[in-house]
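All chains are named by letter (A, B, ...) in the order of the sequence lines, taking the proteins before the strands, and each is independently numbered beginning at 1.
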Protein chains: 2
Amino acid sequence: MPRKPLELAVIDLMQAVGLLVRRVRAAANAQGLSMTEATVLARLDKAGPATTAELARAEAMKPQSMGATVGSLEELGLVERRPHATDGRQLNIVLTAKGAALRSSAQLAKRTWLAQAIAQLDDAERETLFEAGEIIMRLVEK
Amino acid sequence: MPRKPLELAVIDLMQAVGLLVRRVRAAANAQGLSMTEATVLARLDKAGPATTAELARAEAMKPQSMGATVGSLEELGLVERRPHATDGRQLNIVLTAKGAALRSSAQLAKRTWLAQAIAQLDDAERETLFEAGEIIMRLVEK
DNA sequence: TATTGTTATACTCTATAACTATA
DNA sequence: TATAGTTATAGAGTATAACAATA
């Protein structure tokens with residue numbers, strides 16, 4: 001049972017998400033990685049090389065937009081493009097040694113404000129956030 | 001106790017937030033209000049007229065940026081600028097009749113994808129999302 | 001001098017459209 | 001013809017800088 005009317009709670013959540021995104025973006029401009037950049041980097045580490053098109057599908061973005069993200073990761077020296085073994089159209093995006101070095105949470109935390117902030121929460125708060133993330137994942141698929 | 005390593009859970013949350021924001025933005029471009037627009041509108045309804053500077057402080061944005069948001073709400077006919085009674089520098093942003101008509105959750109839900117989506121969740125899921133929103137609010141204040 | 005607001009400019013993120021190369 | 005990728009252009013959202021008016 002919500003503590004306040006539904007519409008007000010929804011607005012508060014929107015405000016929180018807006019503040020969060022602006023905060024992460026400000027931190028990324030100053031020193032680190034944007035949310036999309038961090039997500040793509042972690043995905044490459046977890047699941048191995050992928051094409052721009054595959055990454056775009058995973059993030060529900062257009063391939064052209066993902067191309068820009070991959071381009072900025074490439075400028076940072078974190079990924080590189082490699083020709084596909086058999087399909088001449090494809091370019092595999094792979095982590096460089098520098099990109100792979102960011103795989104540990106300690107390294108990633110330095111690079112993203114959100115990871116840093118979440119590390120300071122207690123277990124129950126973290127768990128609530130992660131559950132919310134799972135709910136959002138189901139929500140956006142509809 | 002998290003079900004997966006902390007760094008992976010953080011990345012999953014980042015991905016969820018990214019997908020959510022892109023989804024809300026796409027829906028807003030097609031028909032409705034952006035997250036910031038909806039938040040500002042609700043705030044004006046809840047707390048009454050405010051200046052651009054006050055709204056900017058509440059959303060942790062620059063006054064110039066909030067000016068753009070207010071401008072688009074004005075173009076939609078949802079708010080208007082009124083001279084302040086005593087301070088000639090200030091312009092109060094007030095809801096128009098059309099803007100005030102959006103105050104009910106039913107009206108707002110039609111205007112924002114997120115409100116519409118959340119209305120379809122069960123109570124426990126909604127509560128988790130709203131708790132996560134409160135945690136995020138505390139997080140961004142640090 | 002500080003505050004409110006505006007205008008001009010630019011950057012990030014993402015989209016649409018048009019194109020080339022390969023399958 | 002379908003798919004992978006690139007380039008060009010545009011839009012939303014936000015920032016910085018410079019300015020005008022008022023306090």
query = Is the backbone of B:Thr128 close enough, under 3.5 Å, to the side chain of B:Glu131 for a donor and an acceptor to pair up by distance?
reply = no
request  = Measure from CD1 on A:Ile93 to P on D:dA4 and round the result to the nearest Å.
outcome  = 13 Å
query = In terms of side-chain heavy atoms of A:Asp87, which of D:dG13, D:dA23, C:dA23 is nearest?
reply = C:dA23
inquiry  = As an exercise, state the distance from CG of B:Leu102 to CG of B:Asp45, rounded to the nearest 0.5 Å.
reply    = 9.5 Å
note = Of the candidates D:dA12, D:dT14, C:dT14, the side chain of A:Ala68 sits closest to C:dT14
task = Would you mind checking if B:Glu37 and B:Arg111 are paired as a salt bridge, meaning a charged N to carboxylate O distance below 4.0 Å?
result = no
note = Out of D:dG13, C:dG5, C:dT6, minimum distance to the side chain of B:Glu37 belongs to D:dG13
ask   = Counting just side-chain N and O atoms, does B:Ser65 come under 4.0 Å of either OP1 or OP2 of D:dG13?
value = no
remark   = Between A:Gly18 and A:Asn92, whichever has its closest DNA chain D nucleotide further toward 5' is A:Asn92
inquiry  = Are there over 12 heavy-atom neighbours, none belonging to A:Arg82, within less than 6.0 Å of that residue's CZ?
reply    = no
ask   = Can you tell which of D:dT16, D:dG5, C:dT4 lies closest to the side chain of B:Gln64?
value = D:dT16
Value in whole Å for how far the P atom of C:dT14 lies from CZ of B:Arg23 = 16 Å
request  = Counting heavy atoms from C-beta on, name the nucleotide in C:dT16, D:dA4, C:dT14 closest to the side chain of A:Arg57.
outcome  = D:dA4
key: Minimum-distance nucleotide (side-chain atoms of B:Arg89 versus C:dT7, C:dT14, C:dT3)   = C:dT3
key: Value in whole Å for how far the C1' atom of C:dG5 lies from NZ of B:Lys62   = 15 Å
query = Which nucleotide in the set C:dT22, D:dT14, C:dT14 lies at the smallest distance from any side-chain heavy atom of B:Thr69?
reply = D:dT14
query = Is the phosphate of C:dT12, meaning OP1 or OP2, less than 4.0 Å from a side-chain N or O of B:Arg25?
reply = no
task = Let me know the distance between CG of A:Leu33 and C1' of C:dT12, rounded to the nearest Å.
result = 14 Å
inquiry  = Let's see if you can work this out: which of C:dT6, D:dG5, D:dT7 has an atom nearest to the side-chain heavy atoms of A:Thr51?
reply    = D:dG5
query = Over how many whole Å does the gap from B:His84 atom NE2 to D:dA21 atom C1' extend?
reply = 16 Å
key: Residue B:Arg81, side-chain atoms from C-beta onward, closest of C:dT4, D:dT7, C:dT6   = C:dT6
request  = In whole angstrom, give the distance that lies between atom CG of B:Asn29 and atom P of C:dC13.
outcome  = 17 Å
query = Could B:Glu59 and B:Arg43 be called an ion pair, given the rule that one side-chain N must be under 4.0 Å from one carboxylate O?
reply = no
note = Between B:Glu54 and B:Thr51 the two heavy atoms that sit nearest each other are OE1-N, 3.0 Å
query = How long is the line joining CE of B:Met61 and P of D:dA12, in whole Å?
reply = 15 Å
query = Toward the 5' end of DNA chain D, which comes first, B:Thr86 or B:Ser72, by nearest nucleotide?
reply = B:Ser72
request  = Using a cut-off of strictly less than 4.0 Å, decide whether B:Thr36 has a side-chain nitrogen or oxygen near OP1 or OP2 of D:dG13.
outcome  = no
message = Closest-nucleotide mapping onto DNA chain C: is A:Gly88 or B:Leu91 further toward the 5' terminus? I mean the 5' end.
response = B:Leu91
ask   = Atom CG of A:Leu20 to atom P of D:dT14: distance rounded to whole Å?
value = 13 Å
